[in-house]
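What you see is a predicted model, and the numbers here were worked out from it, not measured in a lab.
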Amino acid sequence: CFPYYMRTFVFIFSFLVASLCAFGQDVSVKKDIVLVDEQPAFVFKKINNLMYSIENLSGERLAVLQVVRFNNSTTTHTSNTSRPVNGRNTTSSTSSSTGYYDVTFMDAELTKCEVPMQTRKSIAKEWVNFNLIKDQQLNQAEVLKYVKIYGTKFSEFYSTGGRPTTVIVK
């Protein structure tokens with residue numbers, strides 16, 4: 001009835017629409033409530049300036065995100081040979097702050113991982129995409145995958161002062 005190219009087009013178009021419906025969830029955060037397709041999913045609230053809590057809609061705490069910040073200071077020496085300031089070379093210092101969230105899941109093992117600093121909306125989207133909360137409880141299988149992906153690379157990196165560790169074998 002339809003030519004081959006038309007059937008192929010209809011099939012591809014149907015597949016694209018179906019995949020958009022399945023994966024195109026709209027996630028937003030309004031007054032600490034995370035909405036998925038305009039339906040309340042979980043609560044993401046600020047405890048204080050350095051700590052956030054993720055709770056189910058009944059108020060049961062599912063995870064705590066603690067902000068960990070590091071100040072990276074670098075000093076750059078620049079020689080001003082044409083006109084030194086007070087007879088000396090000039091020195092400029094720059095300081096930047098980097099950080100991550102130390103995530104503790106409120107499961108039996110208090111599973112932990114570290115995720116990069118990002119907005120609450122970005123974290124909420126990530127939690128929805130990873131399907132970390134299912135039926136208002138932690139989805140333990142997905143939590144373990146999430147923890148495996150992120151690990152503790154930030155604290156491992158900063159425990160060495162941001163420098164690689166040298167191992168000498170004799």
Side-chain angles (χ1 to χ4, degrees), residues 19-20 22-78 90-170:
S19 63
L20 284 175
F23 299 109
Q25 295 176 317
D26 179 36
V27 178
S28 60
V29 181
K30 293 182 181 170
K31 295 185 179 180
D32 295 340
I33 305 291
V34 175
L35 303 171
V36 178
D37 296 330
E38 298 300 319
Q39 297 299 314
F42 56 93
V43 178
F44 193 164
K45 69 180 181 182
K46 187 175 193 175
I47 297 173
N48 59 42
N49 285 340
L50 299 174
M51 196 173 292
Y52 295 88
S53 174
I54 295 181
E55 303 171 355
N56 63 18
L57 296 175
S58 302
E60 178 186 355
R61 188 169 286 166
L62 302 175
V64 173
L65 288 80
Q66 185 170 356
V67 176
V68 179
R69 292 191 187 273
F70 290 95
N71 289 324
N72 296 332
S73 295
T74 57
T75 304
T76 307
H77 297 282
T78 49
T90 58
T91 303
S92 65
S93 295
T94 58
S95 176
S96 65
S97 177
T98 58
Y100 62 90
Y101 290 109
D102 181 18
V103 181
T104 304
F105 293 94
M106 298 296 143
D107 54 9
E109 294 83 29
L110 293 176
T111 309
K112 294 179 75 82
C113 69
E114 300 164 352
V115 297
M117 293 287 279
Q118 47 192 315
T119 64
R120 284 196 311 166
K121 183 176 179 179
S122 296
I123 291 174
K125 278 185 175 185
E126 191 170 78
W127 278 53
V128 169
N129 290 337
F130 272 93
N131 197 26
L132 296 179
I133 299 174
K134 184 177 181 182
D135 300 325
Q136 295 297 303
Q137 295 298 318
L138 287 175
N139 184 348
Q140 196 59 38
E142 296 303 317
V143 166
L144 293 176
K145 289 178 191 175
Y146 186 79
V147 167
K148 196 82 147 163
I149 289 169
Y150 281 108
T152 56
K153 58 188 167 212
F154 293 102
S155 60
E156 290 168 8
F157 177 76
Y158 287 110
S159 69
T160 63
R163 295 180 301 275
T165 304
T166 304
V167 178
I168 300 173
V169 180
K170 293 185 178 186

>> Can you list everything that forms a ring pair (Phe, Tyr, Trp, His ring centres under 6.0 Å) with Tyr150? Sequence neighbours excluded, please.
In response: Tyr146
> Should the pair Phe42 and Trp127 be assigned to parallel (<30°), tilted (30 to 60°) or perpendicular (>60°) ring geometry?
Replying inline: tilted
Do the side chains of [Y] and [X] get nearer than 4.5 Å, heavy atoms only?
{"X": "Glu142", "Y": "Leu132", "answer": "yes"}
{"X": "Lys125", "Y": "Gln25", "answer": "no"}
{"X": "Ile47", "Y": "Tyr52", "answer": "no"}
{"X": "Lys30", "Y": "Glu38", "answer": "yes"}
{"X": "Phe44", "Y": "Ile123", "answer": "yes"}

Heavy-atom pair of closest approach, residues [X] and [Y]:
{"X": "Val36", "Y": "Ala41", "answer": "CG2-CB, 3.7 Å"}
{"X": "Val68", "Y": "Asp102", "answer": "CG2-CB, 4.0 Å"}
{"X": "Tyr101", "Y": "Pro116", "answer": "CD1-O, 3.7 Å"}
{"X": "Thr111", "Y": "Val147", "answer": "CG2-CG2, 3.4 Å"}
{"X": "Ser28", "Y": "Lys121", "answer": "CA-CE, 4.5 Å"}
{"X": "Pro40", "Y": "Ile33", "answer": "CB-CG2, 3.9 Å"}

> Does atom CG of Asp135 have more than 12 heavy-atom neighbours from other groups under 6.0 Å away?
Replying inline: no
Interatomic spacing from [atom1] in [X] to [atom2] in [Y] - rounded to 0.5 Å:
{"X": "Met51", "Y": "Thr104", "atom1": "CE", "atom2": "OG1", "result": "8.5 Å"}
{"X": "Lys112", "Y": "Asp107", "atom1": "NZ", "atom2": "CG", "result": "11.5 Å"}
{"X": "Leu62", "Y": "Ser53", "atom1": "CG", "atom2": "OG", "result": "8.0 Å"}

Has the side chain of [X] got a donor or acceptor atom that lies under 3.5 Å from a matching backbone atom of [Y]?
{"X": "Tyr100", "Y": "Thr152", "result": "no"}
{"X": "Asn139", "Y": "Ile133", "result": "no"}
{"X": "Glu55", "Y": "Ala63", "result": "no"}
{"X": "Arg120", "Y": "Val29", "result": "no"}
{"X": "Glu114", "Y": "Ser155", "result": "yes"}

> Which residues satisfy the side chain to side chain contact (heavy atoms under 4.5 Å, CB included) test with Gln39, sequence neighbours excluded?
Replying inline: none
>> What verdict does the side chain to side chain contact (heavy atoms under 4.5 Å, CB included) test give for Met106 and Ile54, after you've listed the backbone C-alpha separation in whole Å, the side-chain angles of each residue and the deciding distance to 0.1 Å?
In response: CA-CA 10 Å; Met106 298 296 143; Ile54 295 181; over 6 Å; no
> Gln136 and Ser58: side-chain donor and acceptor closer than 3.5 Å?
Replying inline: no
>> salt bridge (charged side-chain N to carboxylate O under 4.0 Å, His left out), that's the test. Do Lys46 and Asp32 meet it? Break it down for me.
In response: CA-CA 8 Å; Lys46 187 175 193 175; Asp32 295 340; over 6 Å; no
